[in-house]
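Read through the structure below, which is laid out as structure tokens, and then see the notes.
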Protein chains: 2
Amino acid sequence: MVNDSLHGLVEQRLRQVCQRYTNGRREVVELLARAGYPVSIGDIAELAPRLPRSSAYRHLVNLQQAGVVRRVSGNDEFSRFELAEEITEHHHHLVCTHCGKVIDVTPTKAFEEAMNKYLASLAASHGFASDDHRLDILGSCSTCRAPQPQL
Amino acid sequence: MVNDSLHGLVEQRLRQVCQRYTNGRREVVELLARAGYPVSIGDIAELAPRLPRSSAYRHLVNLQQAGVVRRVSGNDEFSRFELAEEITEHHHHLVCTHCGKVIDVTPTKAFEEAMNKYLASLAASHGFASDDHRLDILGSCSTCRAPQPQL
DNA sequence: TCCGGATTGAGACTCAGTCTCAAAAGAGGC
DNA sequence: GCCTCTTTTGAGACTGAGTCTCAATCCGGA
């Protein structure tokens, strides 16, 4: 999952905006790639305790500018970060409204195509040009449903 | 738009959780209904300058507990609030990635049904029970596109 | 090796959002 | 109307995510 082509791609993207691919940035990218789900700043502090908070935020901002990382808003008040879809692949999120857990899910191509087509016309009817979409499925994960099987 | 049936419904909902429909809460509900788009705490401070911030937040929490209001996360870091869909109607958001503007859009019934069906099975395949979904269309509004017609 | 610009760490700062507590407002009984 | 008890409200202190600043460090090129 965390392979060389990922790092090559990230480095290239950073170079395009005149930035180096330093150890700190590499650490953040590896962490995001390994996690495989949108991580909060708390997760980062836990997974990379030696990385100062100010540096973590700065790396995330830089990587966002380079189009490598995107910010995701969950169900709670704080933001989470994940690798951009151009780096991984287009996906949506399953959000547990009880524990806040977020899981990535990849939709079928057919569904995406139908949705894109529909959304473009919906947007156009309101004077919008649609570039992208963001779809979150809200529900309860298996762990949170376990104690009450009849939810 | 801001009619008596709305207030009746809200009062009923509040009563169900043993709370009164006071002037402060009424003010917040009217403000949300009049706005017609998800408002941030900054918008509230602007639209109801006499309402203390702590009270505004408390009202929003109470109204959320009563199922009258829901929290929406936009493209930026802070939360926005809108009347719950049970009060208004199910809708999605057109989000302008340039100016942050959010517009409500109502999808067709056919589209919603197809999507719900698909999302339920997608969620189930990951052990989730899906209750609801949240779909934002990201793009650029007519105003932001105006200076560069070839976007 | 030296220089200049990019990057980093530490910590102060900002401000959205929460919490506390005393004052005010309501509901109900007399 | 008056008293009592509970709920609501306003003011402001507090918390913590996220930003900003600045001096120290790193790195590429000459």
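Just so it is clear: chains get the letters A, B, ... in the order the sequence lines come, proteins before strands, and each one is counted from 1.
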Keeping the roles fixed (side chain from A/Asp43, backbone from A/Ser40), state whether a donor-acceptor pair exists under 3.5 Å. yes
Aromatic rings A/His133 and A/His90: how do their planes relate, parallel, tilted or perpendicular, breaks at 30° and 60°? perpendicular
Report yes if a donor N or O on one partner sits less than 3.5 Å from an acceptor N or O on the other, where the partners are the side chain of B/Arg58 and the base of D/dG10; otherwise report no. yes
Quick one: pull up CG in B/Leu63 and CZ in B/Phe81 and give me the separation to the nearest 0.5 Å. 10.5 Å
Between [N] ([atom2]) and [X] ([atom1]): distance, integer Å:
{"X": "A/Tyr21", "N": "D/dC27", "atom1": "OH", "atom2": "P", "answer": "15 Å"}
{"X": "B/Leu51", "N": "D/dG10", "atom1": "CG", "atom2": "P", "answer": "7 Å"}
{"X": "A/Leu60", "N": "D/dA17", "atom1": "CG", "atom2": "P", "answer": "14 Å"}
{"X": "B/Arg20", "N": "C/dG26", "atom1": "CZ", "atom2": "C1'", "answer": "5 Å"}
{"X": "B/Asn62", "N": "D/dT6", "atom1": "CG", "atom2": "P", "answer": "19 Å"}
{"X": "B/Leu63", "N": "D/dT8", "atom1": "CG", "atom2": "C1'", "answer": "13 Å"}
{"X": "A/Gln65", "N": "C/dA6", "atom1": "CD", "atom2": "C1'", "answer": "14 Å"}
{"X": "A/Arg50", "N": "C/dT8", "atom1": "CZ", "atom2": "P", "answer": "15 Å"}

Are A/Glu30 and A/Arg34 ion-paired here, with the side-chain N under 4.0 Å from a carboxylate O? yes
Can we say A/Glu27 and A/Arg50 salt-bridge, meaning some charged N sits less than 4.0 Å from an Asp/Glu carboxylate O? no
Give a yes/no answer on whether the side chain of B/His59 brings an N or O atom under 4.0 Å of OP1 or OP2 in D/dT8. no
Should B/Thr22 be listed as having a side-chain N or O under 4.0 Å from OP1 or OP2 of C/dA25? no
Which part of the nucleic acid, if any, lies within reach of B/Arg25 when heavy atoms closer than 4.0 Å are counted: base, sugar-phosphate only, or nothing? sugar-phosphate
Contact class for B/Ser55 (heavy atom, under 4.0 Å): base, sugar-phosphate, or nothing? base
Choosing from C/dA6, D/dT8, D/dG10, which nucleotide comes nearest the side chain of B/Gln19? D/dT8
Contact summary for A/His59 and A/Arg25, nearest pair of heavy atoms: CD2-CG, 3.4 Å
Between protein and nucleic acid, restricted to nucleotides 15-18 of chain C and to nitrogen or oxygen atoms under 3.5 Å apart, what atom pairs and distances do you find?
| residue | atom | partner | partner atom | Å |
| --- | --- | --- | --- | --- |
| C/dG17 | OP1 | B/Ser79 | N | 3.2 |
| C/dG17 | OP1 | B/Ser79 | OG | 2.6 |
| C/dG17 | OP2 | B/Tyr57 | OH | 2.6 |
| C/dG17 | O5' | B/Tyr57 | OH | 3.1 |
| C/dG17 | N7 | B/Arg53 | NH1 | 2.8 |

So which of A/Asp136, A/Leu119, A/Leu122 actually passes side chain to side chain contact (heavy atoms under 4.5 Å, CB included) with B/Leu135? A/Leu119
